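Order of the sequence lines sets the chain letters (A, B, ...), proteins ahead of strands, with each chain counted from 1. All of these numbers come straight from a predicted model, not from anything done at the bench.
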There are 2 protein chains.
Amino acid sequence: MAEIQTLARGLKILNLLEQARSGMGTTEVAKEMAIDKSSASRLLHTLANYGFVVQDEGTARYQLGPRLLTLGQGVLDRISLRDHARPYLYKLVDETGECAHLAILAQRQALYIDQAESSAALRVESEIGTLSPLHCTALGKAMLAFGDGALPEALLPFTQRTITDQAVLQAQLLHICQRGYAIDDEEYNYGVRCVAAPVQDHRGKLLGAIGISGPAARVTLERIDDFGMIVRQVAADLSAKLGYAAG
Amino acid sequence: MAEIQTLARGLKILNLLEQARSGMGTTEVAKEMAIDKSSASRLLHTLANYGFVVQDEGTARYQLGPRLLTLGQGVLDRISLRDHARPYLYKLVDETGECAHLAILAQRQALYIDQAESSAALRVESEIGTLSPLHCTALGKAMLAFGDGALPEALLPFTQRTITDQAVLQAQLLHICQRGYAIDDEEYNYGVRCVAAPVQDHRGKLLGAIGISGPAARVTLERIDDFGMIVRQVAADLSAKLGYAAG
DNA sequence: AAACAATGTTGTATATTTAGCAACAAGCGA
DNA sequence: TCGCTTGTTGCTAAATATACAACATTGTTT
């Protein structure tokens, strides 16, 4: 399908600005996009009219605008899975004492759309809205194992334990499928272990995944199977509430 | 400045979809925008290519897409005030026992960009990214009192205590300016009282506001002035850290 | 069942709109 | 002061988006 060039350019500019930490000037945008200064100027003004970008009064440089934040909130409101899942996240926190997360697939990554913090003193940054790779997170692997079978192309390493071999990953996905939950054993962040299980609708179609994550000192390898059973059960309860009839 | 029509139409579609709770069809969008079905179809496809909207596989209806959520996250990362303010939010929670919030001005409303939850059992929904009116929230009134002096046009009532008279509001803003903090006495939500104070840069330019909010039973009218002093002090400390030299 | 209505998508020609060039204004540094 | 960079604006050509129409698909009604 042919995409509309002008609109696509505007959206690409937003992608550019996302990368640029300290904003970009008109000329800079024009160069990066390989378009004329004047075109960039007019596109940026239009984006600014709708609050998608803001121009710093002093430097005249452009940054992502607050409208994106409020629209993002609108996205969350629209995901009904989130409403249904919330009490189950609290249940996970109650039963495990660790932070619980809910993620869905988006742009071939794991998109965190909700969390429930444990009462433990250690605070976690709000991660809602962030994307994480699939191959080295428990939530991601749970979704890979119960999803449509497509694997990520590149398995980038984040720690020494990150699985970077397609065959190894494939084998582990089968294992996850059989036992019903996935584990991240310090494969993404050092010192953090996670456990996750899939959430499915009545047809068995993958909706997302829920799981817990905590310091390796608390989430020990001995206890991790117990956590797995809990997470799998809570995820199954949530799936059941959504109308999933096993078999 | 003349805005680029095609891009503007795409952005307007996003605004439309924000309102429509259950998504919109191509024809529906076309009617609402007063453009042809084919144009709407192509615009929507382009938006979908970049993840700004998603089409439900079954119903072919369009909704806001996950890209908006991740871009919104990018907006948060870019607001350096947020990083500086976070420890001060925790300080507010420690000293008052109530939830603390940070807001900035955006689209002539108060945009909540961070929060610190109290350890009280009562949980608050994540409000980051939401917009609230200025005239009936403590954060909003603090920003009005110390901002550029522009008042909101319409003072919509939310509770019986909401100030709906411009003159009354104006008088209260002066009061807020003199004493250094603003109060919301159940003017937005029944049973909730809030206290807030402005955050300013070294030139005295308004950057945002921080404050606390809690149940009226805990935030009583007798104690509210004590809270006010605390909030004012913490906000002043934050402003000072940002380089604000009083006088 | 079958006709019908409504929806979403795809060609195509026209004409509107954008894009690029160039000139201009403004800020900064040398 | 001069030169350099940046951001914005007129203007025209030309590319692009638009509307019209036809088509495919789905769901509804009689």
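Ion pair A:E3/B:R42 not flagged as a salt bridge, since none of the NZ, NE, NH1 or NH2 atoms sits closer than 4.0 Å to an Asp/Glu carboxylate oxygen.
Rounded to a whole Å, the CG atom of B:N49 is 14 Å from the C1' atom of C:dT9. The distance from atom OH of A:Y62 to atom P of D:dG7 is 8 Å, rounded to the nearest whole Å. At whole-Å resolution of the value, CD in B:Q55 and C1' in D:dT25 are 15 Å apart. We find that CD1 of A:I35 is positioned 17 Å from P of D:dA15, with the value rounded to whole Å. As a whole-Å value, the separation of A:L44 CG from D:dG7 P is 9 Å. Straight-line distance from the NZ atom of A:K12 to the P atom of C:dA19: 12 Å, rounded to whole Å. Between the CE atom of A:M24 and the C1' atom of D:dT5 there is a distance of 16 Å, rounded to whole Å. Rounded to an integer number of Å, the gap from A:M33 CE to C:dG20 P is 10 Å.
If you find the closest nucleotide of DNA chain D to A:A60 and to B:D36, the one lying nearer the 5' end belongs to A:A60.
OP1 or OP2 of D:dA17 lies within a sub-4.0 Å distance of a side-chain N or O belonging to A:T6. Contact check, A:Q5 against D:dA14: no side-chain N or O comes under 4.0 Å of OP1 or OP2. The phosphate of C:dT7 (OP1 or OP2) has no side-chain N or O of B:T26 nearer than 4.0 angstrom. Taking 4.0 angstrom as the limit, B:S38 places none of its side-chain polar atoms (N or O) nearer than this to OP1 or OP2 of D:dT18.
In this structure, B:H135 contributes its side chain and B:T164 its backbone to no donor-acceptor pair below 3.5 Å.
No hydrogens or angles considered: a donor-acceptor pair under 3.5 Å links the side chains of B:Q233 and B:D237. Neither side chain, B:K205 nor B:Q200, offers a donor N or O lying under 3.5 Å from an acceptor on the other.
A cation-pi arrangement, defined by a distance under 6.0 Å to the six-membered ring centre and an angle within 45 degrees of its axis, is present between A:R179 and A:Y181.
For A:S39, whose side chain is taken as the heavy atoms from C-beta onward, the closest listed nucleotide among D:dT8, D:dT18, C:dA19 is C:dA19. Distance from the side chain of B:R9 is smallest to D:dT18 among D:dT18, C:dT10, C:dC21. For B:R42, the listed nucleotide lying nearest its side chain is D:dC20; candidates were C:dG8, D:dC20, C:dA19. With distances taken from any side-chain atom of B:H45 to the nucleotides D:dT8, D:dA17, C:dT9, the minimum falls on C:dT9. Nearest nucleotide to the side chain of A:I4, out of D:dA17, C:dT9, D:dG7: D:dA17.
In the interface, the side chain of B:S41 is not paired with the base of C:dG8 through any donor and acceptor atom under 3.5 Å apart.
Counting any heavy atom pair closer than 4.0 Å across all strands shown, A:E28 reaches no nucleic acid atom.
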